[in-house]
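This report refers to the structure that appears directly beneath it.
Values below: all heavy atoms of this structure, side chains included; hydrogens, waters and symmetry mates excluded. This one's a predicted model, so the numbers in the text were calculated from it and none came from an experiment.
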Amino acid sequence: MLVAFSVAPSSGDPDGGVSEAVARAVKVVRASGLPHRTDAMFTTLEGEWDECMAVVKECVEVLAAESPRVSLVLKADVRPGWTGQLEAKVERVERHLADGDV
């Protein structure tokens with residue numbers, strides 16, 4: 001499965017920045033050993049249900065240790081039997097674009 005999620009504290013920098021807190025969550029993701037990608041809005045993990053959800057939960061707990069409120073946005077692509085989709089889904093789109101199919 002793929003899990004795209006965004007986690008952030010509700011309180012923090014007076015200017016509204018959350019980059020330090022997000023970095024703490026990304027550190028958890030990287031330590032998990034799961035395939036992942038982080039962009040400006042989400043981090044996407046690939047793995048089995050329980051391992052992905054355990055990482056998301058730990059990210060929330062890390063931020064909750066320093067903030068009384070944490071926001072979590074999560075989207076999942078549950079497709080049993082498929083692996084390597086973190087890269088393959090993007091490659092399929094790029095192939096259509098390169099072939100002029102669209």
- Message: Is it true that, when you exclude R92 itself, more than 12 heavy atoms of the residues, nucleotides or ligands shown sit nearer than 6.0 Å to its CZ?
- Response: yes
- Item | Set of side-chain hydrogen bond (donor to acceptor under 3.5 Å, both in side chains) partners for T43, sequence neighbours left out | T38
- Note on the structure: Connected to V90, directly or through other members, by ILVMFWY side-chain contacts below 4.5 Å are none
- Calculate, to the nearest 0.5 Å, the distance between atoms OG and CE belonging to S6 and M41 respectively. 6.5 Å
- Is there a donor-acceptor pair closer than 3.5 Å between any side-chain N or O of E46 and the backbone N or O of L86? yes
- Which side chain to side chain donor-acceptor pair (under 3.5 Å) pairs, counting each pair once, include a residue from residues 93-102, with sequence neighbours left out? H96-D101
- Query: Do D77 and K89 come close enough that some side-chain heavy atom pair is under 4.5 Å?
  - Reply: yes
- Message: How about CD on E61, more than 12 heavy atoms from neighbouring residues, nucleotides or ligands closer than 6.0 Å, or not?
- Response: yes
- Item | Polar side-chain atom of S10 near backbone of R69 as donor-acceptor pair, under 3.5 Å | yes
- Note on the structure: Applying side-chain hydrogen bond (donor to acceptor under 3.5 Å, both in side chains) to T83 and not counting sequence neighbours gives none
- For residues 31-45, which residue pairs qualify under salt bridge (charged side-chain N to carboxylate O under 4.0 Å, His left out), counting only residues two or more places apart or in two chains? R37-E87
- Task: May I ask you to list the residues sharing a hydrophobic cluster with M53, side-chain cutoff 4.5 Å, ordered by chain and number?
- Result: M1, V3, F5, V7, V28, V29, L34, L45, W49, V55, V56, V60, V62, L63, V70, L72, L74, V78
- Message: I need the S19 OG to R24 CZ distance, nearest 0.5 Å.
- Response: 10.0 Å
